[in-house]
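Below is one structure, written out as C-alpha cells, with a few remarks after it.
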There are 2 protein chains.
Amino acid sequence: MTKEARTSTEEKLLLAARRLFCRAGIHATGITRILEEAGVARGSLYAHYGSKENLLKAVFDTEANMWFHWFDLDLPHLKCSPRERILALFDLLEKWFAKEDFFGCVFINAVAEHEKDSRWVKDVAGAYRDQIIDRLRTLVGESGATDPDMVTQKLGLLIEGAIVTAMVTQNSQAAYIARLAAEDVLRCTECVSPENGPTSSAAAAALEST
Amino acid sequence: MTKEARTSTEEKLLLAARRLFCRAGIHATGITRILEEAGVARGSLYAHYGSKENLLKAVFDTEANMWFHWFDLDLPHLKCSPRERILALFDLLEKWFAKEDFFGCVFINAVAEHEKDSRWVKDVAGAYRDQIIDRLRTLVGESGATDPDMVTQKLGLLIEGAIVTAMVTQNSQAAYIARLAAEDVLRCTECVSPENGPTSSAAAAALEST
DNA sequence: ATTAGTCTAGACCGATCAGTCTATTTTTAT
DNA sequence: ATAAAAATAGACTGATCGGTCTAGACTAAT
C-alpha cells in the first residue's frame with residue numbers, strides 16, 4: 001500500500017463525487033463526468049468503490065463526518081455558555097453555506113431524488129440524521145432547556161430550513177436568519193411556564209419515533 | 001374540444017407525474033412509468049405536453065396553485081386574527097403532509113436534483129417561491145409585526161424545514177412543531193423592542209434580493 | 001532488474017432513456 | 001351515418017447510462 005500520495009486517487013474521486021452529486025444531482029451526474037472532474041481513470045473508480053452506489057455511500061460518510069466534527073470537536077472547544085454553543089452551530093452553517101462549492105445537503109438531496117418507499121438511501125440518510133439530531137439534543141440538554149426534545153425538534157426544523165433555503169437562494173444569510181429564529185425559540189422556552197410542556201413533549205416524541 | 005371527461009387524459013398524466021416525480025424522483029421516473037401509472041398511451045403524453053420537461057413545468061404549476069389557493073382563498077376566509085391566520089398556514093401544511101401521496105415539495109426536490117448553475121429549474125422554481133413568499137409577507141404585514149420582512153424570512157425557514165423534515169421522516173407532526181416554533185417567533189417579535197429592528201431588516205432584505 | 005500493485009486510456013456491453021412514428025381503434029360532433 | 005379528432009399499442013431510434021474488460025504504462029520495494 002502506498003504511504004500517502006499528495007491527493008490519493010480515492011480522495012480525488014470522493015471530492016469530485018461530493019461536489020457533482022450536490023451541484024448537478026446524483027442521477028444527473030454520470031460516472032464519466034465524475035472521472036473527468038477527478039482526473040481519474042474509469043477502472044480506478046470501480047477498483048476503489050465498486051459501484052456508483054458505494055461511491056454515494058462514501059460521500060454520505062464524508063458529509064456525516066463534517067457534522068460529527070462540528071458537534072464533537074468544534075463546538076465543545078468553544079469557551080461559552082451552552083446557549084451560545086447552540087447558536088454557534090448556526091455560524092458554522094453560515095460558513096458552510098458560504099463555500100463556493102455548497103449546493104445543499106447531500107442527504108436531503110439524495111432522499112429528494114430517490115424512491116421514498118423502502119429504499120436504502122432513506123435508511124442510510126435517516127440513520128445519519130438521527131445521529132446528528134442526537135448530538136443536537138445533547139447540546140440542547142446541556143443548556144438546561146425546559147423541554148429539550150421539543151427545542152431540539154424546533155432547532156432541527158430551522159437547520160433543515162436554512163440548508164434548503166441556502167441551496168435555493170444561494171445565499172448564506174439563511175443561516176443568520178435561522179440563528180435569529182433559534183434565539184426566539186430559546187428565549188421562549190426559557191420564559192414559558194411548564195404547563196404546556198407535557199403536550200409539547202409528546203408531540204416531539206411522536207415525531208422522533210418515526 | 002371535448003366538453004369535460006370524468007378525468008381528462010391531460011389530468012391523468014399530470015396527477016401521475018406529480019405523484020411519481022415526488023415519490024421516486026424526477027430523473028428516476030421514466031416516461032414509461034408515468035404512462036403506466038396514468039393509464040395513458042405514449043403518444044398522448046407528447047401530444048399534450050411535448051416533452052418531459054414541459055410536463056414537469058405543468059406539475060410546477062399545479063403545486064404553485066395549491067399554495068396560491070391557500071393564501072388567496074383558504075386563509076382569507078378564516079374568521080380569526082391575522083396572527084392566527086399565519087398559524088393556520090401550518091395547519092394546512094399538516095394536512096398536506098398527512099396525505100398518503102405526500103413525498104416532499106416538487107420545487108425543492110427538483111432544485112435538489114438538477115444542475116444548480118443557470119438552469120431553468122432554478123429560475124422557474126425560484127420565481128414561484130418568490131410569489132409564495134410575497135403572499136406570506138402580506139399575511140405577516142397584516143399582523144402588524146414590527147419587522148415583517150424578518151418575520152417572513154423566519155417563517156419561511158420554518159415552512160421549508162417542515163417540508164423537508166416531513167419528507168424525510170414521513171411524519172406530518174413536523175408541521176405542528178413548526179407551528180409551535182412559529183408561535184415563538186411571533187411572540188418574540190411582539191415583545192422585542194425595535195432597537196435591533198434595522199439590523200434585522202437589512203439582513204432579511206439581503207437574503208431576499210438574491 | 002524484476003515483480004507486484006496501481007493507474008490509465010478507451011473499447012465494449014446490455015440496458016434504459018426520451019422522443020418519434022405508424023397503424024388502428026375509440027370517441028365526439030354534426 | 002359519417003367525418004374529424006383523440007387516444008391506443010407498440011415498434012423503433014439514437015443517445016447515454018452503469019459497469020466490464022483488456023492492454024499497456026507507471027511506481028514502488030525487493
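Below, chains carry the letters A, B, ... as their sequence lines are ordered, and counting in each starts from 1. As the structure is a prediction and not an experimental result, all values here were calculated from the model.
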Which donor-acceptor pairs under 3.5 Å do side chains of residues 19-40 of chain A form with protein atoms, sequence neighbours excluded?
| unit_1 | atom_1 | unit_2 | atom_2 | d |
| --- | --- | --- | --- | --- |
| A/Arg19 | NH1 | A/Glu37 | OE2 | 3.0 |
| A/Arg23 | NH2 | A/Glu37 | OE2 | 3.2 |
| A/His27 | ND1 | A/Glu113 | O | 3.4 |
| A/His27 | ND1 | A/Glu113 | OE1 | 2.9 |
| A/Thr29 | OG1 | A/Leu20 | O | 3.3 |
| A/Thr29 | OG1 | A/Gly25 | O | 2.5 |
| A/Thr32 | OG1 | A/Arg42 | NH1 | 3.2 |
| A/Arg33 | NH1 | B/Glu115 | OE1 | 3.4 |
| A/Arg33 | NH2 | B/Glu115 | OE2 | 3.2 |

Please report the distance, rounded to the nearest Å, between [atom1] in [X] and [atom2] in [N].
X: B/Leu13; N: D/dA6; atom1: CG; atom2: P; answer: 15 Å
X: A/Leu20; N: D/dC17; atom1: CG; atom2: C1'; answer: 16 Å
X: A/Tyr49; N: D/dG18; atom1: OH; atom2: C1'; answer: 17 Å
X: B/Glu36; N: D/dT8; atom1: CD; atom2: C1'; answer: 15 Å
X: B/Arg33; N: C/dC17; atom1: CZ; atom2: P; answer: 10 Å

Inset, instruction - With sequence neighbours excluded, tell me which residues meet salt bridge (charged side-chain N to carboxylate O under 4.0 Å, His left out) with B/Asp91. - result: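 Only B/Arg179 meet the salt bridge (charged side-chain N to carboxylate O under 4.0 Å, His left out) criterion with B/Asp91.
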Inset, instruction - Compute both the distance and the angle, then confirm whether A/Arg129 meets the cation-pi test with A/Phe107: under 6.0 Å from the six-membered ring centre, within 45 degrees of the axis. - result: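 That pair does not qualify as a cation-pi contact.
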Inset, instruction - Return the set of residues passing side chain to side chain contact (heavy atoms under 4.5 Å, CB included) with A/Ala47 (not counting sequence neighbours), or none when no residue passes. - result: none
Legend entry - B/Ser81: side chain to side chain contact (heavy atoms under 4.5 Å, CB included) partners, not counting sequence neighbours: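 Expected list: B/Arg83, B/Glu84.
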When you compare the protein's N or O atoms with those of nucleotides 18-23 of chain C, which come within less than 3.5 Å of each other, and at what distance?
| unit_1 | atom_1 | unit_2 | atom_2 | d |
| --- | --- | --- | --- | --- |
| C/dA18 | OP1 | B/Thr29 | O | 3.4 |
| C/dA18 | OP1 | B/Lys52 | NZ | 2.7 |
| C/dA18 | OP2 | B/Ile31 | N | 2.7 |
| C/dA18 | N7 | B/Arg42 | NH2 | 3.3 |
| C/dG19 | OP2 | B/Tyr46 | OH | 3.3 |
| C/dG19 | OP2 | B/Lys52 | N | 2.8 |
| C/dG19 | N7 | B/Arg42 | NE | 3.2 |
| C/dG19 | N7 | B/Arg42 | NH2 | 2.7 |
| C/dG19 | O6 | B/Arg42 | NE | 2.9 |
| C/dG19 | O6 | B/Arg42 | NH2 | 3.1 |
| C/dT20 | O4 | B/Arg42 | NE | 3.3 |

Legend entry - Pair listing, salt bridge (Lys or Arg N to Asp or Glu O under 4.0 Å) test, anchored in residues 55-70 of chain A, at least two apart: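 Qualifying pairs, neighbours excluded: A/Arg18-A/Glu63.
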Inset, instruction - Taking only the side-chain nitrogens and oxygens of B/His48, find out if one of them lies under 4.0 Å from OP1 or OP2 of D/dA6. - result: no
Inset, instruction - Please check the phosphate of C/dT6 (OP1 and OP2 only) for any side-chain N or O of A/Ser44 closer than 4.0 Å. - result: no
